[in-house]
Structure formats: structure tokens, C-alpha cells
Amino acid sequence: MALVTPLSADHDLETKELAEFFNETLGFCPNSVLTMQRRPAISKAFINLNKAVMANDGRVTSALKRMIAWVSSNATGCRYCQAHAIRAAERYGAEQEQLDNIWDYKTHTAFSDAERAALDFSLAASMVPNAVDADIKKRLYEHWDEGEIVEMLGVISLFGYLNRWNDSMGTTMEKGAIESGDHYLGKHGFEVGKHNGSQY
């Protein structure tokens, strides 16, 4: 079970209303948000930040943002966020070939050079120590403007928070996230792990 038990979706009505955002992105309210609402100021601030970061303001598509989130979560090892990110990428129209080959984005033909630059940025920015360097910057600027780079780093940073939150909490993974994780990531060893609700 999780380190801290999620509360009912009806616990804080403001959080519940804001969390309707996740019904579109995931099809359910994440247990992470239901846990955050033990301090409603945190849950509300998180949802508003999530909405701002994931807004589609241009060429960094909603699908690409979710693939950026997946690469970041894969780099840190957070299974909970990997499953959520791949599920949201599917729901936001990522190409089937990209979903099936996300592990091989560096070489697979389903990914453009611009997408590779964005996903490499996500990987480098998620490493400890941070691996963003002059080469990453050069490749980003070949395809993206500064506003778009800010959008990407917003996603990476948001998922840095979520990766720490969910791996430390051992947040119980929801059925829909497990299904997406198994479907798209299972062939590469995806497991629910500590997020199955029985570790803590």
C-alpha cells in the first residue's frame, strides 16, 4: 500500500473540480492528486501548474509533451509516471508507431529530428547530474524557439516533481495506467513494482 493513503475524490470540492482536467488526459483522477489533497493548497497548485505546463500553445504538441514526460520518467525510473505519460500520449494522438517504439526514439524512423532533439533534451535534463550541454542546446535551437524550449522544460520539471512524489509515496497505480503500461511498455520489462499497493 502507498506511504500515504489517497483520500476520496469528494474530500476537497475545489480539487475535485480542478481534477476534471485529468478525466480528459487519463480517464481518471490520479491517486497522486488524491493524496496531495491532504493539503488542498498543494493539490490545487499542482493541478493548475499541470494545466499551464501541458497547455498546447504551439508546435510542442500535447502528444510530444507526454512523450517528453515519458522519457523523463523513464530516466528516473518512476513506473507510475511512465504508465501515466504513455497513456496520456496515446489519448492525445501520438502515432501508433511512436507509441510502439518509444524506447527506440533515438533511431526509429517514426520520430523526426525535431522530436529526437526534444526527447534527448528530456533525457539529459532528467539525469543526475544534469547532462544538458552545448550540443543539446545547439540541436534544440535547430528546431525549436525559446518559448518552446521553456514549454519542454516545464514538462520535464513537472515530471521531476511527480517522479519524486510517486516513487517516494509508492502511489498505487490505477487500472487504466497499468493497462497502458503493459500494452506499450511491457515488452521492455514494464512492471508495476512498488506501485501495486502492497510494498509499504
Query raised in the report: Quick one: does NZ or CZ of K137 land under 6.0 Å from the six-membered ring centre of Y141, within 45 degrees of the ring axis?
Result: yes
Query raised in the report: When you measure from the side chain of Q37 to the backbone N and O of S8, does any donor-acceptor pair fall under 3.5 Å?
Result: yes
Query raised in the report: What do you reckon, is NZ of K175 surrounded by more than 12 foreign heavy atoms closer than 6.0 Å?
Result: no
Query - Hydrophobic cluster membership, W165 vs L7, 4.5 Å side-chain cutoff - result: no
Report task. Kindly determine whether D167 and Y80 satisfy side chain to side chain contact (heavy atoms under 4.5 Å, CB included), including the steps that lead there. Result -> CA-CA 8 Å; D167 255 3; Y80 184 89; 5.7 Å; no
Query raised in the report: Donor-acceptor pair, N166 side chain versus L162 backbone, under 3.5 Å?
Result: yes
Report summary line: Scanning both residues in full, the closest heavy-atom pair of M67 with A89 reads CG-CB, 4.2 Å
Query - M173 to A177 - nearest heavy-atom pair and separation - result: CG-CB, 3.7 Å
Query raised in the report: L119 versus W70: any side-chain heavy-atom pair under 4.5 Å?
Result: no
Requested in this report: Indicate yes or no: at least one non-hydrogen side-chain atom of S32 is less than 4.5 angstrom from one of T35.
Outcome: no
Query - Exercise: do Y184 and E179 side chains pair donor with acceptor under 3.5 Å - result: no
Query - Working for salt bridge (charged side-chain N to carboxylate O under 4.0 Å, His left out), residues E191 and R79 - result: CA-CA 7 Å; E191 297 174 355; R79 303 292 194 183; 5.5 Å; no
Query raised in the report: Does anything in residues 118-129 pair up under side-chain hydrogen bond (donor to acceptor under 3.5 Å, both in side chains), and if so which pairs, sequence neighbours excluded?
Result: S72-S126, Y105-D120, K106-D120, D120-R139
Query - Nearest heavy atoms of A55 and E151, plus distance in Å - result: O-OE1, 3.8 Å
Requested in this report: Report yes if some heavy atom in the side chain of E14 is under 4.5 Å from a heavy atom in the side chain of P40; otherwise report no.
Outcome: no
Query raised in the report: Any link between V132 and M152 through a network of hydrophobic side chains (Ile, Leu, Val, Met, Phe, Trp, Tyr) touching at under 4.5 Å?
Result: yes
Query raised in the report: Do you see a donor-acceptor pair shorter than 3.5 Å between the side chains of N31 and T171?
Result: no
Query raised in the report: What is the minimum heavy-atom distance between N163 and S73, and which atoms define it?
Result: ND2-OG, 3.0 Å
Requested in this report: State, with a plain yes or no, whether a side-chain heavy atom of C29 is found less than 4.5 Å away from one of L34.
Outcome: yes
Query - F22 ring center within less than 6.0 Å of H84 ring center - result: no
Report summary line: Looking only at heavy atoms, the pair that brings V60 and W144 closest together is CG2-CZ3, 3.9 Å
Query raised in the report: So, does N196 use its side chain to make a donor-acceptor pair with the main chain of V192 at under 3.5 Å?
Result: no
Query raised in the report: Does a donor on one side chain and an acceptor on the other come within less than 3.5 Å for Q96 and E90?
Result: no
Report task. Identify whether I68 and L140 are in the same connected component of the hydrophobic contact network (ILVMFWY, side-chain heavy atoms under 4.5 Å). Result -> yes
Requested in this report: Find the distance between NZ (K16) and OG (S43) and round it off to the nearest 0.5 Å.
Outcome: 13.5 Å
Query raised in the report: Side-chain heavy atoms under 4.5 angstrom apart, residues restricted to Ile, Leu, Val, Met, Phe, Trp, Tyr: same cluster for F21 and L26?
Result: yes
Query raised in the report: Which heavy atom of A110 sits nearest a heavy atom of E97, and at what distance?
Result: CB-CG, 3.8 Å
Requested in this report: Just jot down the side-chain contact (heavy atoms from CB on, under 4.5 Å) partners of A131, sequence neighbours excluded, or say none.
Outcome: A124, M127
Query - Any residue meeting salt bridge (charged side-chain N to carboxylate O under 4.0 Å, His left out) with R59, in chain and number order, not counting sequence neighbours - result: E148
Query raised in the report: Side chain of R66, backbone of Y92: donor and acceptor closer than 3.5 Å?
Result: no
Query raised in the report: Quick check: does any side chain N or O of D12 sit under 3.5 Å from a backbone N or O of T15, one acting as donor and the other as acceptor?
Result: yes
Query raised in the report: Given side chains that start at C-beta, do those of T76 and R164 come closer than 4.5 Å, heavy atoms only?
Result: no
Query raised in the report: Does R39 CZ have over 12 foreign heavy atoms under 6.0 Å away?
Result: no
**Report entry** Stepwise side chain to side chain contact (heavy atoms under 4.5 Å, CB included) test for I86 and F190
**Finding:** CA-CA 12 Å; I86 203 73; F190 174 81; over 6 Å; no
Report summary line: Here the gap from C78 atom SG to F159 atom CZ, rounded to the nearest 0.5 Å, amounts to 9.0 Å
Query raised in the report: How long is the span from the NE2 atom in H195 to the CD1 atom in I178, to the nearest 0.5 Å?
Result: 10.5 Å
Query - Atom pair NZ/OG of K65 and S62 - distance to nearest 0.5 Å - result: 6.5 Å
Query raised in the report: Can V150 be reached from V155 by stepping across I, L, V, M, F, W or Y side chains whose heavy atoms are under 4.5 Å apart?
Result: no
**Report entry** Electrostatic pair D113-R116, nearest N-O below 4.0 angstrom
**Finding:** yes
Query raised in the report: Does the pair E17 and L13 meet the rule for a side chain to side chain contact (heavy atoms under 4.5 Å, CB included), with working shown?
Result: CA-CA 6 Å; E17 186 176 327; L13 295 181; over 6 Å; no
**Report entry** W103 and K187: CA distance, side-chain angles, deciding distance, side chain to side chain contact (heavy atoms under 4.5 Å, CB included) verdict
**Finding:** CA-CA 10 Å; W103 290 87; K187 65 184 175 184; 5.5 Å; no
**Report entry** Straight-line distance of H188 NE2 to I102 CD1, nearest 0.5 Å
**Finding:** 10.0 Å
**Report entry** Gap separating the CG atom of L158 from the CE atom of M54, nearest 0.5 angstrom
**Finding:** 5.5 Å
